Amino acid sequence: MTAPRLRFAPSPTGPLHLGGARTAMYNWALARALGGKFILRIEDTDQQRSTDESLQIILEGLQWLGIDWDEGPAVGGEPRGEHGPYFQMQRLDLYREVIDQLVASGHAYLCYCTPERLAELREEQKARKSSFIGYDGHCRDLTPEERAAREAEGLVPNIRFRMPEDRVVKVHDLIRGEVEVNTKQLDDWVMMRPGGVPLYNFACVVDDIGMGITHVVRGEEHFLNGVKQQLLFEALGKEPPQYAHIPLILNQKGGKLSKRDPGVKSVLEYRDLGYPPEAVFNYIALLGWGFSADRDVFTRDEMVDAFKIASVGKAGAKFDLEKLHWMCGEYVRQWSVEQCVERARAWLEPAMPAGTMAQHGAWLRNIVACYQERVQLLSEFPDKVGWLFAKDVRLEFDAGAEKKFNKHKEHAAEWLRGYADVLEASDLPPSWPEDRSAADGAVLLPSQKDAPATAAPCDDPAAIEAKTRAFTEERGIKFGHFVHPVRAALTGTDRGPGLFDVVFLLGKATAVARLRAVADSVAAD
RNA sequence: GCCCCCUUCGUCUAGUGGCCUAGGAUUCAUGGUUCUCAUCCAUGCGACAGGGGUUCAAAUCCCCUAGGGGGUACCA
């Protein structure tokens with residue numbers, strides 16, 4: 001048995017979208033599952049639309065998702081693999097060779113029809129509601145004299161495949177099963193443009209042969225191309241690869257996924273929006289395939305172990321942004337705090353004064369730890385931690401904070417002032433930007449109730465809580481009421497980490513100042 | 001127009017004739033934990049597109065209808 005070889009063959013005419021990424025992934029996963037090779041081939045024969053920029057974006061997108069290739073274009077170093085070149089525009093000689101052979105054998109012929117005639121033909125067919133729309137074989141049986149006459153006119157021919165007429169082709173598709181297609185549906189398709197540049201179906205076959213491709217997984221829009229290609233393999237006396245045509249990803253309305261659909265972006269945009277790549281990978285794997293009856297979250301290795309192309313569904317799947325977001329949260333929570341800090345670094349850095357990350361590593365670790373289970377996208381970090389770095393002493397309240405604060409407004413000034421005094425008398429950590437590494441090094445947040453007492457050089461959250469509760473009891477304040485205006489004053493919002501973690505992270509000077517500032521502003525009303 | 005494919009909770013899916021009063025995940029709702037939010041836990045709402053067959057028995061097999069998707073390029 002020949003070694004399994006699969007390929008993803010994008011054309012660099014635009015960014016890598018989710019559908020393409022999923023196709024690449026299924027090829028990749030099947031190659032890995034079969035112990036074969038995964039090849040990346042660039043189909044750049046559409047010179048009008050192919051750009052190097054698109055190529056780079058596709059390469060980057062695949063790498064971001066962790067879809068690596070054994071053979072294909074270079075990333076940094078040398079091109080990989082011995083079946084190259086992996087760019088079709090660098091393989092023109094190979095196509096020429098095969099086309100000459102096919103013309104000689106009669107499987108292909110020269111066609112001198114102009115684009116204008118073809119357009120008219122199509123119009124005419126549509127107008128009379130013809131059941132067949134396509135090339136009419138006008139140049140199929142030109143005599144040498146007729147050909148010479150057209151050459152003399154200066155017409156440059158393209159080359160068409162001579163389709164067998166009225167033949168039922170049996171196709172075995174790994175996903176669809178056995179399908180019969182009558183060649184009446186297909187016309188004599190163009191293999192090569194007048195300039196010698198091949199078209200998709202032709203180049204694809206030549207390369208699949210040249211690269212020893214054994215399985216082809218691609219979108220179902222290629223199903224009929226598979227039939228054309230199968231016939232070409234036959235004409236060439238070669239065994240075609242096994243085909244698997246996967247259904248398309250649909251938008252919320254059930255239509256074809258397009259760039260204009262909300263929430264649908266190119267792979268790199270998801271990266272730039274802060275989606276963890278593992279989550280995107282995991283989520284799109286699920287669009288048309290199930291890992292198991294009771295689990296949706298799995299690693300790449302687990303996918304490779306479980307992946308069977310035959311178990312990919314035949315129906316198109318709708319893209320559901322909400323589930324993707326849930327999946328993102330799953331991954332963020334799965335990380336260790338240290339991993340989370342690493343992932344969040346690029347997002348946090350620009351949101352903080354220069355040097356903060358380097359000089360306050362322990363503090364930052366604690367900040368990230370407090371938000372790890374409250375975040376789905378990495379991009380949420382900067383906003384969430386903004387209150388810690390705010391320059392204003394009197395923070396602006398958001399709607400939730402405003403509402404909860406107003407509930408206790410009559411007592412607020414008194415409570416806040418009293419609490420500020422308590423905190424001032426306590427042994428809290430210093431406030432950023434002072435060095436608070438000793439405190440943060442000793443106390444790991446988020447603090448938990450049953451965590452052992454720390455050997456902190458200052459009050460830890462548990463100690464702060466004890467003092468706070470003592471204060472509210474002494475004053476006869478309901479603890480549940482007290483908490484809200486305090487949180488508002490300290491963070492400007494009504495949500496976030498536990499209040500004593502908040503106080504700990506803020507440190508003495510800032511916490512006290514914020515409490516008094518709000519107390520003053522209420523008193524001034 | 002013609003050809004091909006598809007159709008289980010809103011969404012992703014499990015299910016290949018009896019294990020299905022259809023399972024899981026997500027979303028939503030409710031409750032619990034709690035200083036808020038989030039997490040976590042529990043509970044609930046929620047589907048076999050419709051109609052005919054075949055069979056002792058059908059989500060599972062067949063047919064029709066409807067709806068959806070794809071193709072029908074000198075794009076890939």
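We name chains A, B, ... by the order of the sequence lines, and we start the count at 1 in each one. Remember, predicted model here, so these are calculated numbers, not experimental data.
With rounding to whole Å, A:D173 atom CG is found 15 Å from B:rC4 atom P. Taking atom CG on A:L490 and atom P on B:rC37, their separation rounds to 18 Å, with Å as the unit. If you take CZ of A:R176 and C1' of B:rU7, they are 14 Å apart, rounded to a whole angstrom. Rounded to whole Å, atom C1' of B:rC2 lies 15 Å from atom CD of A:E124. Distance CZ (A:F202) to P (B:rA73): 20 Å, rounded to an integer number of Å.
Considering A:L506, A:V512, A:D459 in turn, A:V512 is the only one that fulfils the side-chain contact (heavy atoms from CB on, under 4.5 Å) rule with A:L423. Looking at A:D207, A:I159, A:V190, A:V98 one by one, the single match for side-chain contact (heavy atoms from CB on, under 4.5 Å) with A:F202 turns out to be A:V98.
Looking at heavy-atom distances under 4.0 Å, A:L499 makes contact with a base. Using a 4.0 Å heavy-atom distance criterion, A:R469 is classed as a sugar-phosphate-only contact. Within 4.0 Å (heavy atoms only), A:T114 reaches at least one base atom of the nucleic acid. Counting non-hydrogen atoms under 4.0 angstrom, A:C113 reaches a base of the nucleic acid. Counting non-hydrogen atoms under 4.0 angstrom, A:L118 reaches a base of the nucleic acid. Contact annotation for A:K126: no contact, since no heavy-atom pair falls under 4.0 Å across all strands. Residue contacts shown for A:D494 include a base, since a base heavy atom lies under 4.0 Å away. Within 4.0 Å (heavy atoms only), A:H222 reaches at least one base atom of the nucleic acid. Within the nucleic acid shown, A:P497 comes within 4.0 Å of at least one base atom, counting heavy atoms only. Across all strands, A:P194 comes closer than 4.0 Å to base atoms (heavy-atom distances). A:I133 comes within 4.0 angstrom of a nucleotide base, judged by non-hydrogen atoms across all strands. If you check every strand for non-hydrogen atoms under 4.0 Å, A:N201 touches nothing. If you check every strand for non-hydrogen atoms under 4.0 Å, A:D46 touches sugar and phosphate atoms only. Note on A:S130: a base of the nucleic acid sits closer than 4.0 angstrom, heavy atoms only.
Between the side chains of A:H245 and A:R176, no donor N or O sits under 3.5 Å from an acceptor N or O. Side-chain N/O atoms of A:Y283 and A:D296 include no donor and acceptor closer than 3.5 Å.
As rounded to the nearest Å, B:rC6 and B:rC48 have C1' atoms that lie 15 Å from one another. Using C1' as the reference atom, B:rC35 and B:rA29 are 25 Å apart when rounded to the nearest Å. Nucleotides B:rU27 and B:rC45, compared at atom C1', are 12 Å apart to the nearest Å. Comparing the same atom, C1', in B:rG15 and in B:rC61 gives a spacing of 16 Å after rounding to whole Å. Comparing the C1' positions of B:rU11 and B:rG52 gives a spacing of 31 Å, expressed to the nearest Å. With both ends at atom P, the span from B:rC9 to B:rA59 equals 15 Å, rounded to whole Å. To the nearest whole angstrom, the two C1' atoms, one in B:rG50 and one in B:rU8, are 15 Å apart. B:rA76 and B:rU39 have their P atoms separated by 47 Å, given to the nearest Å.
If you check B:rC75 for Watson-Crick or wobble pairing at under 3.5 angstrom, you find it has no partner at all. In this entry B:rC37 has no Watson-Crick or G-U wobble partner, no candidate having both defining distances under 3.5 Å. Base-pair partner of B:rG18: B:rC56 (Watson-Crick or G-U wobble, both distances under 3.5 Å). Across the strands present, B:rC45 finds no partner; the criterion is a Watson-Crick or G-U wobble pair with both atom distances under 3.5 angstrom. Pair assignment for B:rG67: B:rC6, on the basis of Watson-Crick or G-U wobble contacts that are both within less than 3.5 Å.
Ring orientation note: the planes of A:H325 and A:Y275 are tilted relative to one another, at an angle of 30° to 60°. Relative orientation of the A:F482 and A:W415 rings is tilted, given thresholds of 30° and 60° on the angle between their planes.
With hydrogens and angles left out, the side chain of A:R374 and the base of B:rC37 share a donor-acceptor pair within 3.5 Å.
Considering only side-chain N and O atoms, A:R295 lies nowhere under 4.0 angstrom from the phosphate OP1 or OP2 of B:rU13. In terms of phosphate contacts, A:K129 brings no side-chain nitrogen or oxygen within less than 4.0 Å of OP1 or OP2 of B:rG1. OP1 or OP2 of B:rA76 has at least one side-chain nitrogen or oxygen of A:T45 nearer than 4.0 Å.
Closest to the A:K323 side chain, of the nucleotides B:rC3, B:rC12, B:rC37, is B:rC12. The side chain of A:P115 lies closest to B:rC74 when the candidates are B:rC4, B:rC74, B:rU7. Residue A:R160 places its side chain closer to B:rC74 than to any other of B:rA76, B:rC74, B:rG1. Candidate nucleotides B:rA76, B:rC12, B:rG70 were compared by shortest atom distance to the side chain of A:L199, and B:rA76 ranks first. Distances were taken from every side-chain heavy atom of A:S131 (C-beta onward) to each of B:rC12, B:rC2, B:rA76; the shortest belongs to B:rC2. Here the side chain of A:E220 is nearest to one of B:rC6, B:rG70, B:rC12, namely B:rG70. Ranking B:rU13, B:rA76, B:rC3 by closeness to the A:A317 side chain, first place goes to B:rU13. Here the nucleotide nearest the side chain of A:L248, chosen from B:rC40, B:rG70, B:rC74, is B:rG70. With B:rA76, B:rG71, B:rA38 as the candidates, the nucleotide lying closest to the side chain of A:R193 is B:rA76. Relative to the side chain of A:R122, the nucleotides B:rU36, B:rC74, B:rC3 differ in distance, and B:rC74 lies closest.
Looking at A:N158, its side chain never comes within 3.5 Å of a backbone N or O of A:M191 through a donor-acceptor pair.
Remark on RNA chain B: of its neighbouring residues A:T13 and A:D320, the 5'-side contact belongs to A:D320, judged by nearest-heavy-atom nucleotide.
In this structure, A:R41 fails the cation-pi test against A:F8, since its NZ or CZ atom is not both closer than 6.0 Å to the six-membered ring centre and inside 45 degrees of the ring normal. Remark: A:R147 is not positioned above the aromatic ring of A:Y112, lacking an NZ or CZ atom under 6.0 angstrom from the ring centre and at most 45 degrees off the axis.
In this structure, A:F405 has its ring center closer than 6.0 angstrom to the ring center of A:F397.
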